[in-house]
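Accompanying notes for the structure given below.
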Amino acid sequence: MSLLAVSALQKSFRTPEGERKLIVDVPQFTVAAGQQLALRGESGSGKTTFLHLIAGILAPDSGSILLGERDMAALGESARDRLRAESLGYIFQTFNLLQGYSCLENVMLGMAFGVGADRARATAMLTRVGLGHRLNHYPRQLSTGQQQRVAVARALANHPKLVLADEPTGNLDHKNARESLALIRETCRENGATLLLVSHDAGVLATFEEVQDFAVLNRAVTEVAP
Amino acid sequence: MTLALIILRSLRQHLLSTVITALSIALAGGLLMSVWVVKVQSQTTFTQVNTGFDAVLGARGSKLQLVLNAIFHLEASPGNLPFSDYEFIKRHPAVKLAIPIAVGDNLRGYRIVGTIPELFSEVEYAPGRKFAFSSGQLFNPAAKEAVLGSFAAQKLGLHTGDTFHPFHGLIYDEKNQHAETYLVTGVLAPSNTPADKVVWIPLHGLQTMSGHDPRAATDVSAVLIQLRSPTAGFMLDMMYNKQGNRLTFAYPIGAIMAELFNKIGWFDQVLTLISYLVALVSAGGVLVAIYNSMAARRRDIAILRALGARRRMIFGAIVLEAATIGLLGMIVAFLAYAVILSGVAAIIRAQTGVLLNAWAYNPVMLWAPVGMIALCALGGLLPAWKAYRTDVAQNLAPVS
């Protein structure tokens with residue numbers, strides 16, 4: 001049974017010349033509940049836009065994005081925000097931690113807009129990722145690898161059905177990348193969350209049993225960085 | 001809870017601009033409240049202060065000058081009136097009490113006023129309150145003795161038992177010292193009236209001071225009058241001001257002082273207008289401070305939105321942040337108000353002897369903070385709108 005079913009999804013942007021340019025054109029894409037799927041895609045291939053569409057951060061031009069039984073594409077912005085807060089976890093390449101907030105507050109804020117902030121759960125998640133002793137530290141006081149772990153804890157604190165990870169190891173060295181990837185996959189499994197990860201790193205993709213090529217999935221012609 | 005956390009963290013992240021903006025609001029709020037309270041209290045106080053008298057009789061001239069001179073011990077006397085005029089009005093059936101005063105000398109800038117002991121024994125300067133002594137006793141009307149108002153005694157550094165030489169004229173000039181030596185027999189307890197800044201001596205003493213014109217040795221500068229009924233005031237007003245042309249009967253004192261405030265009303269309006277403008281500029285400061293920090297906030301806003309925060313919540317957070325800066329500013333504004341008003345009250349006290357009650361409740365203490373906070377929230381609307389329109393995807397860079 002699929003948790004995520006995308007069909008006829010299109011998204012275009014207006015270029016500085018005033019023309020509309022199609023960035024995402026995915027006829028069909030599904031992810032089963034509990035699955036851990038990797039999408040291979042080069043920089044500039046539109047995969048972040050694709051994830052933003054699934055997360056409801058962007059609204060598509062057309063198509064549907066069924067998350068469970070709810071069509072993200074058919075919802076208004078406020079309802080998309082709520083659905084994202086309740087059902088999705090998002091791990092960004094640059095972590096996107098709030099610098100003015102402690103680790104614990106970052107994780108609690110990840111829960112606050114959904115079912116509500118739960119200090120005990122946030123503490124447990126940070127402890128799970130090995131940062132139980134850094135609850136009140138600020139992101140700038142942590143190493144890059146530790147910041148990534150806070151981002152993982154934040155993404156999973158809200159019991160999401162689906163975790164989206166956009167080049168989650170892109171800013172980490174090889175050792176940290178390997179550990180972080182393992183952590184993401186383990187914690188997703190432990191929390192019963194489905195994982196959709198996009199990366200252009202062959203080393204990362206090689207750890208996944210199921211990998212799809214975004215260039216095949218996406219029919220839109222996009223500029224791929226050399 | 002989440003909203004409060006977001007606002008507090010944002011204020012902390014922009015601490016310097018928060019503090020500077022809040023301080024500018026504190027100054028504006030303090031100034032606004034001070035100007036308002038000084039305006040209202042001085043008007044109320046000065047139109048109510050009559051030191052227990054209903055009217056003043058003096059030489060022909062301005063009623064206002066007469067009241068300022070005889071009641072507030074400011075301004076020059078419009079002239080003298082013969083003792084017989086005092087005796088006439090004292091015996092008038094409409095008059096309950098008449099107290100003559102004579103002015104013309106000073107003690108190092110503090111006015112020396114000659115009067116009779118009944119001022120201290122008969123007159124209630126406020127309902128139920130007669131002049132009391134904090135030390136010593138009343139002067140002997142036939143001796144060279146003096147009683148000092150509390151403020152004058154404090155500023156002159158004189159105590160019961162001390163002596164002094166009066167100086168001629170209302171303005172202090174050390175070359176104009178009189179030869180007479182006066183003994184301080186008592187110091188009055190504070191009355192918060194103009195009497196506090198006066199050096200009181202017997203009427204006869206001032207009239208016969210060396211160097212004064214001997215032909216005016218029985219003249220008085222003014223007569224302070226208590227009437228038996230308000231209608232008596234109008235009758236005497238008719239008699240002295242309309243039918244006579246030699247003397248001026250200043251009645252009622254409160255109305256005459258109110259006239260003064262009406263005349264200088266434009267000055268109040270200018271001050272109030274300046275206060276409003278300062279308040280507006282401060283609220284504008286909130287707008288500018290938050291608006292200028294929007295570039296730095298965009299990423300945080302985008303992250304919050306990506307975590308599920310609604311646009312309207314971000315909008316509300318910015319407006320509430322602006323209001324919070326206003327609130328913090330207005331808390332400090334009460335301190336600024338206390339400092340400004342204490343200074344102004346001290347100046348007014350030194351000039352008039354009248355003490356403004358800086359701590360008395362005035363509605364401005366409620367509406368100024370509410371208005372200022374609302375104005376700040378209003379100033380937050382534009383940056384809030386900008387935050388509302390923040391493009392989440394664009395600010396969650398990098399895009400792969």
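Here is how names work: the chains are called A, B, and so on, in the same order as the sequence lines, proteins then strands, and each is numbered from 1. The shown structure was predicted, so the numbers you read here are calculated from the model rather than taken from an experiment.
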Under 4.5 Å to a heavy atom of chain B? For A:Arg84 that would be side chain
Between A:Leu97 and chain B, with a heavy-atom cut-off of 4.5 Å, which part of the residue counts as in contact: side chain, backbone, both or neither?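 The backbone, not the side chain.
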[X] atom [atom1], over 12 foreign heavy atoms within 6.0 Å:
X        : atom1 : answer
A:Lys11  : NZ    : yes
A:His200 : NE2   : no
B:Lys155 : NZ    : no
B:Tyr291 : OH    : no
A:Arg82  : CZ    : no
A:Arg20  : CZ    : yes

How close do [X] and [Y] get, heavy atom to heavy atom, and via which atoms?
X        : Y        : answer
A:Ala112 : B:Thr2   : CB-OG1, 3.4 Å
A:Ala85  : B:Gly308 : CB-CA, 3.8 Å
B:Ile6   : A:Tyr101 : CA-OH, 3.3 Å
B:Ala393 : A:Leu58  : CB-CD2, 3.7 Å
A:Asp81  : B:Ala309 : OD2-O, 3.9 Å

So do the side chains of B:Leu396 and A:Tyr90 get within less than 4.5 Å of each other, counting heavy atoms only?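 B:Leu396 does not reach A:Tyr90 side chain to side chain.
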Is there a side chain to side chain contact (heavy atoms under 4.5 Å, CB included) between B:Arg299 and A:Thr94? Walk through the geometry before answering. CA-CA 12 Å; B:Arg299 190 171 169 82; A:Thr94 50; 3.2 Å; yes
Side chain, backbone, both or neither of B:Arg12 within contact of chain A (heavy atoms, under 4.5 Å): side chain
If you count heavy-atom pairs under 4.5 Å between each of A:Glu86, A:Arg154, A:Met108 and chain B, which one has the most? A:Arg154
Ion pair check, B:Arg305 and A:Glu77, cut-off under 4.0 Å: yes
Between atom CD of B:Gln13 and atom CD of A:Gln99, what is the distance when rounded to the nearest 0.5 Å? 8.5 Å
Once you round to the nearest 0.5 Å, how far does CE of B:Met313 lie from OG of A:Ser78?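 So the gap between those two atoms works out to 12.0 Å.
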Out of A:Asn106, A:Leu109, A:Leu98, which residue meets the side-chain contact (heavy atoms from CB on, under 4.5 Å) rule with B:Ile303? A:Leu98
Passes side chain to side chain contact (heavy atoms under 4.5 Å, CB included), A:Arg80 versus B:Arg310? Steps please. CA-CA 9 Å; A:Arg80 291 204 310 272; B:Arg310 318 300 186 264; over 6 Å; no
